Amino acid sequence: MVEEIQIHHTDTIIVNDVPTEFYVGSSIVLKIRVSCSSGCDLRSKTVEILAQDAVVAEVELSSFGETGNETDEFIVPAPTHLGEHRWIVVFPAQEQEGVIHQESSALFSFITKPHATSMAVWDVPSPIALGTYFKCKVGVKCLSECDLAGKTVVLRNDKGHEAVESLLGTTPWTPEGALYWTEVELKAPDVEGSYVWEAAFCASDMEIPHEDASYSFRFRTVAMPDHMLTVEVVAQDSKKPIKGADVTLPPFIGRTDEHGIARFEVHKGDYELSVSKYEYEIFETTLKVDDDISFKAELLTLYDTFWLR
Amino acid sequence: MSTDEVKKHQEKVSPMSRRNFLKTAGAVIGTAAVASPLAACTTTGQGDEFWLPEKWDLEADVVVVGFGGGGATTALAAFDAGVEPLVLEAAPDGLEGGNSGCCGGLMSVPDSVDEAVKHYKYQLFGTAKDDELLRTVAESFQKLPGQLEKLGAKFTKSAAPNPYFPTAPGASTFYAYRPVGREGEPSGAYITWRSLRAAIDQKGIRVMYDTRGRELIQNVKTKEILGVVAEKDGQKLYIKAKKGVVLACGGYELDQDRIGWYNHPGVKFSNVGTPYNRGDGVKMCLSVNTDMWHNVSLEYLGYAFKVPSDIYDCGIGAVYQGVLPANNFMMVNAKGKRFVNESLNITHWKGPMEVFDFDQANADYFNMPFWVIFDDALYKAGPLGSSQDRPGPGAGGGWGTIHRVYDWSIDNNKELNAGWILKADTLKELAGKMKGTTPGGNTVTADAAGLEDAVSRFNELVVAGVDSDFGRRMNGVTTIEKPPFYAIEVSVMLVNTQGGPLHNKHGQTLDVDGNPIPRLYTVGELGSVFGWLYQGGSNFPEAMAFGYIAGEHASALEDWV
Ligand SMILES: Cc1cc2nc3c(=O)[nH]c(=O)nc-3n(C[C@H](O)[C@H](O)[C@H](O)COP(=O)(O)OP(=O)(O)OC[C@H]3O[C@@H](n4cnc5c(N)ncnc54)[C@H](O)[C@@H]3O)c2cc1C
Ligand SMILES: [Zn+2]
Ligand SMILES: [Zn+2]
């Protein structure tokens, strides 16, 4: 008697939505379903993920139900090079006890893109006295949180000339973050004005592709200070010091301490002083600075705070 | 109420029938509960008087809907006139008081009636038709501090004029009266409210809490308002008002439909006042053919943090320059761009209309959703929101603070962990986390390059000391530069609605022909006499002054039965 061979068609699909773009090396999440035309239980059989003839993963069908057989959700790393990729999920043909399950497959394609990077520059003093050295911090972050310790950042002045080069340190700015940073020292221009400088990160020496990044930051230069201005802020009614009042003396900005004091090193000249604090009226005056001077600002309590009426 | 007072009151109501007398006494004993002696009222509703219910569940001389400032003084006036008020309040006991119980409580009182009328008229842009009404406003405001002081309230009067619109005609006649509480208490209307509530309780005036007025009962021939259908515990109560009904149930702040129909469709506001003003008064008035004015008029009050405000149905946080613990913040739309002067928002205004700018090409709003952006310097400078123990913005007012709706954490970490505050190492990364929905229903993510540009430009302006882009006051504003960076989605805070039914100088509600609807009164925020421009310091007194007026007027009417 000739053994009867049965042929069952199969169908393979990707159950989850797969994006069409991945960062290089990032996780591709997949869940595969294989169904048989006769509704067979195919658990313990495997599906393969093929990329240009290489098998990148082999995963077992782990559940069986009305809709067919499914794998658990699993992760395959995206390629670490840039490009367009066409991957195939294959359920290979197999025979068992007189039943042939035919091969079936599903195709999906995606592109890999470089890791996104971004930068920040901070603790930039402003204003800065002409021609003096100042420090600030520069950081770079890979959105995929790669370790960037030892990578190079460059700072350029407004003319595009390199002002300094520095290597990122080993400890991220915040413990839970991935912003790698370094402190740099720069020399301020000799001319008074507002400046836009740029910090840049060049990714060409990274093992896996990353985007370049840059960030512009601004500061202002002023003439060398020659006097100390002390502003004391008190409440007009109680004469008590006001802590945390904002004192501006453009381009200088300060805040009073617990004694109601803010100090500024300034160059002689006329300044528009303004002091503000919530629940007080704004205090404004013009100040002539031609010596080390102290100035007392008495703030009037607002009768009402606008917030409530 | 002492026995003496009860007697005096009974004397005043002497022409009353024996049945009425019993009821008054019953009210004293039964206090604020649903007074059962009233339940056995006459049956009606047959024949051609089809508008009458089959049975009245309760009755009173003057039925007052809403126990805020307007409702309280209406009831006091009725009581003092020797008739019997009954107050229906939608909120539970303790959460009554409405906006009147949680507002700033500042009262703007004129020295000269003539000057005040000029001032009010000016701000109504020719829409005010009734000078008598405006005169009554000014006159009644002058009486109000004295009336309230009799109830135990205290005020200080500003030494100098304190007008809300200083350049408008007549401005210099307005002085501000601020409530004075116990030692160390921040000023606020809750102080005045304490006196009003105490007076009501002390006189034994009946207040039914958790009772929401829903419909008016009208004699369709004479147009008289005969009573109210209220809702309590899912039951309908038919309440007879023998003399009149006074609607003092506030605006439609929480009526999302009407906010959308009358104002900015699709925009969800964060309400800073009571969550119980749900537009029931407007609906009841519409059903009896009243005329309405200035329904488009909303009063805003800066910006709240959107997500918690939605969760608690109450404005949480306040994005104000000088109120946030530091000033290095800015607001941006989904393009990452600034669009508004962030320092203007400390006052109530009709001016932040940039928020509502409409993008014709895309049939959606330009600037919503929007976010406040700041850096680690601000995050570490102190709590971004307030709590009762640590009063921040609006310590003496706002539903959230007065009723302790939410206590913000000192280090902001609780709110960060809750996902209300977004955090990222760089601005570009932050933009990727700023996802929101436009009023048109489109999902958007902030533009990273736009945000980096905008922050860079902002920092340039800070360094220059002048905001030549939006005219922001730059006092104490520093750069946004220190990572990590943060964003919080914000929403416009809503103080109250100004529009609604028109009324005359007695508080009588007007129909579309300008005639009073017999036995119906509307007071306070439900159709403010100031209609278009919110008159800071005039809304709270308006409610109370017209409560007194309407209460007295209604009490003088003959019973309709
Ligand atoms: C934060 C804030 C600050 C403000 N500051 C000031 C200020 O300093 N000075 C000033 O003049 N104005 C101020 N206002 C405005 C002022 O508070 C209001 O205009 C005024 O108090 C309104 O009084 P009212 O009696 O009409 O309404 P409310 O005081 O709001 O009272 C309405 C009452 O009706 C109840 N209610 C609602 N619907 C029903 C129903 N269907 N049945 C029964 N009861 C119902 C509500 O629960 C509420 O208790 C402020 C408002 C807010 C929100
Ligand atoms: Zn099969
Ligand atoms: Zn990376």
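Owing to the predicted nature of the structure, the values given are computational and were not obtained by experimental measurement. Every chain is numbered from 1, with letters handed out A, B, ... down the list of sequences.
Across A:P250 and B:G465, no two heavy atoms sit closer than the pair CB-CA, 4.5 Å. Across every non-hydrogen atom of B:V463 and A:F219, the tightest pair is CG1-C, 4.0 Å. Residue A:W173 comes nearest to B:P483 through the heavy atom pair NE1-O, 2.6 Å, listed as atom of the first residue, atom of the second, then distance.
Using a 4.5 Å heavy-atom cutoff, the side chains of A:Y215 and B:L427 are in contact. Using a 4.5 Å cut-off on side-chain heavy atoms (C-beta onward), A:M119 and B:T426 make no contact. At a threshold of 4.5 Å between non-hydrogen side-chain atoms, the residues B:E481 and A:V121 do not count as touching.
Using a 4.5 Å cut-off between heavy atoms, B:A326 contacts chain A through both its backbone and its side chain. If you measure heavy-atom distances from B:M474 to chain A, the contacts under 4.5 Å come from the backbone alone. Within the 4.5 angstrom heavy-atom criterion, no atom of A:V140 approaches chain B. When heavy atoms are compared at a cutoff of 4.5 Å, B:V477 approaches chain A solely by way of its backbone atoms N, CA, C and O. Heavy atoms closer than 4.5 Å to chain A are found nowhere in B:F540, neither backbone nor side chain. For a residue to count as touching a neighbouring chain, one of its non-hydrogen atoms must lie under 4.5 Å from one of that chain's; by this rule A:S126 touches chain B with the side chain only.
The candidate with the highest count of non-hydrogen atom pairs below 4.5 Å against chain A, out of B:G476, B:A377, B:G432, B:P484, is B:G476. Annotation: maximal heavy-atom pairing with chain B below 4.5 Å, among A:A178, A:A116, A:G139, A:P251, occurs at A:A178. Note: A:R220 leads A:E272, A:R220, A:E284 in heavy-atom pairs under 4.5 Å with chain B.
Here side-chain hydrogen bond (donor to acceptor under 3.5 Å, both in side chains) pairs that include residues 234-251 of chain A, with residues two or more places apart or in two chains, are A:D237-A:T301, A:K239-A:E298, A:D246-A:R255, A:D246-B:N327, A:T248-A:S274.
The CG atom of A:L273 sits 9.5 Å away from atom CG of B:N475, with the distance rounded to the nearest 0.5 Å. Rounding to the nearest 0.5 Å gives a distance of 12.0 Å between NZ of A:K141 and NZ of B:K428.
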For a quick test of your reading: what N or O donor-acceptor pairs under 3.5 Å do the side chains of residues 446-457 of chain B make, sequence neighbours left out?
{"residue": "B:D447", "atom": "OD1", "partner": "B:A449", "partner atom": "N", "Å": "3.3"}
{"residue": "B:D447", "atom": "OD1", "partner": "B:G450", "partner atom": "N", "Å": "2.6"}
{"residue": "B:S456", "atom": "OG", "partner": "A:R218", "partner atom": "NE", "Å": "2.9"}
{"residue": "B:S456", "atom": "OG", "partner": "A:R218", "partner atom": "NH2", "Å": "3.0"}
{"residue": "B:R457", "atom": "NE", "partner": "B:D469", "partner atom": "OD2", "Å": "2.8"}
{"residue": "B:R457", "atom": "NH1", "partner": "B:E460", "partner atom": "OE1", "Å": "3.1"}
{"residue": "B:R457", "atom": "NH2", "partner": "B:D469", "partner atom": "OD1", "Å": "2.8"}

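In this structure B:P325 satisfies the side-chain contact (heavy atoms from CB on, under 4.5 Å) test together with B:L378, B:A381, B:L384, sequence neighbours excluded.
Within residues 186-203 of chain A, the residues having any heavy atom less than 4.5 Å from a heavy atom of chain B are, in residue-number order, A:S194.
In A:E265, the CD atom is not crowded: 12 or fewer heavy atoms of neighbouring residues, nucleotides or ligands sit closer than 6.0 Å.
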